[in-house]
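Naming: A, B, ... by sequence-line order, numbering from 1 per chain.
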Number of protein chains: 2
Amino acid sequence: MDDNGVEHQLRDRGLQVTAQRLAVMEAVSAHPHATAEELTEDVRSRIGSISKQAVYDTLGVFVENNLIRRIQPSGSVARYEDRVGDNHHHLVCRGCGIVFDVDCAVGDTPCLIADDDHGFEIDEAEVVYWGRCPTCRTG
Amino acid sequence: MDDNGVEHQLRDRGLQVTAQRLAVMEAVSAHPHATAEELTEDVRSRIGSISKQAVYDTLGVFVENNLIRRIQPSGSVARYEDRVGDNHHHLVCRGCGIVFDVDCAVGDTPCLIADDDHGFEIDEAEVVYWGRCPTCRTG
DNA sequence: AACAAACTCTTGACTCAGTCCAGAATTGGT
DNA sequence: ACCAATTCTGGACTGAGTCAAGAGTTTGTT
């Protein structure tokens with residue numbers, strides 16, 4: 001996803017294009033599953049400085065506009081990724097917390113319909129696989 | 001799950017039986033998906049007083065010993081439930097955050113094997129259905 | 001029943017992700 | 001270039017959850 005693409009995506013949605021926003025998007029693309037703090041570090045290395053607040057605001061705007069996705073496995077802080085619109089899930093290590101993307105084995109939209117929907121209008125089924133990564137298994 | 005059952009379960013695992021622990025377990029049974037704070041309130045109404053710390057410790061011990069389960073949907077604080085050992089999942093409202101239990105439509109262990117396990121030893125596939133509850137849809 | 005060892009609970013300070021606010025700066029349409 | 005709308009900064013604040021050390025309970029043994 002190059003900068004021109006991002007710029008276009010922002011304008012399409014009526015959002016202003018700023019150096020901070022471009023840098024945040026670059027950071028998310030460069031570090032899938034990074035935390036807000038890690039992204040702040042990365043953005044600072046790109047454009048010198050940015051406030052914590054601007055990063056949170058920007059991430060919030062991007063999530064609202066479906067440009068990025070926010071995930072938050074139990075016991076972890078929020079993480080962000082730029083893969084949106086596809087049906088992928090996450091594999092989380094109980095030891096070190098590292099996150100991998102996985103595609104579900106049983107097709108495009110696994111389990112999208114629950115047995116009893118309680119009258120809900122369901123729009124997403126999020127799957128998290130829990131386990132131990134090779135490193136933590138041997139450690 | 002009566003108190004004798006709980007007492008037995010604790011002793012079986014080499015855990016001491018205390019009024020606080022029994023009360024915490026009762027509270028979790030009485031309020032599935034409650035937060036630590038809500039549980040603290042409930043426990044206080046049962047045994048008069050308990051420290052925040054004792055509640056967190058107790059919940060932690062119970063989770064470690066598989067007596068209760070801790071869930072934490074994105075954007076929510078941790079919640080606890082006493083349904084363990086079965087294969088049920090959760091339906092969360094994006095509006096008010098209310099949580100319902102659901103059984104998965106496609107069988108006992110949906111999607112338990114990911115396409116690419118990255119060498120992980122996977123022990124659980126957690127599914128969260130996101131949507132809007134009837135109240136929040138009309139509101 | 002009494003003892004000692006092990007475990008559990010209380011209190012209070014602390015951490016850290018995330019939010020709130022108000023004023024300053026930047027952006028984009030005219 | 002100008003101005004209204006939007007965005008960014010800096011700092012104070014919130015609230016869930018953790019840490020630590022001493023006091024209090026529980027339990028197995030006598």
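- A donor-acceptor pair is defined here as one N or O able to donate and one able to accept, closer than 3.5 Å; no such pair exists between the side chain of A/R70 and the backbone of A/A78.
- Here the nucleotide nearest the side chain of A/K52, chosen from C/dG18, C/dT10, D/dG17, is C/dG18.
- Between the P atom of C/dA13 and the CD atom of B/Q53 lies a distance of 14 Å, rounded to the nearest Å.
- A donor-acceptor contact shorter than 3.5 Å links the side chain of A/S29 to the backbone of A/M25.
- Although no hydrogens or angles enter the test, the distance criterion places no donor-acceptor pair under 3.5 Å between the side chain of A/S76 and the main chain of A/Q72.
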If you look only at distance, which donor and acceptor atoms sit under 3.5 Å apart when one is on a side chain in residues 58-66 of chain B and the other is two or more places apart or in another chain?
residue, atom, partner, partner atom, Å
B/T58, OG1, B/A54, O, 2.6
B/N65, ND2, B/V61, O, 2.9

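- Spacing between atom CD of A/E37 and atom P of C/dG18 amounts to 10 Å, rounded to whole angstrom units.
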Per-nucleotide protein contact along nucleotides 23-30 of chain D, 5' to 3', at a 4.0 Å heavy-atom cut-off (B base, S sugar-phosphate only, - neither), is ---BS---
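- Counting only distance, with no hydrogens or angles, the side chain of A/R44 and the backbone of A/I50 share a donor-acceptor pair below 3.5 Å.
- Judged as a side chain to side chain contact (heavy atoms under 4.5 Å, CB included), and not counting sequence neighbours, the contacts of B/E81 are B/H33, B/R69, B/I71, B/H88, B/H90, B/D101.
- Between the CZ atom of B/R79 and the P atom of D/dG17 there is a distance of 10 Å, rounded to whole Å.
- The stretch residues 58-65 of chain B touches DNA chain C through B/T58, each having a heavy atom within less than 4.0 Å of the strand.
- Partners of A/E38 under the side chain to side chain contact (heavy atoms under 4.5 Å, CB included) rule, at least two apart in sequence or in another chain, are A/A34, A/T35, A/R79.
- Using a cutoff of 4.0 Å between basic side-chain nitrogens and carboxylate oxygens, A/R137 and B/D123 are not scored as salt-bridged.
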Tabulate protein N/O versus nucleotide N/O from nucleotides 3-5 of chain C, keeping only pairs under 3.5 Å, one per line.
none

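- Atom pair A/R70:CZ and C/dT19:C1' shows a separation of 12 Å (rounding to whole Å applied).
- Summarising the geometry, the separation between CZ on A/R21 and P on D/dT6 is reported as 11 Å, rounded to the nearest angstrom.
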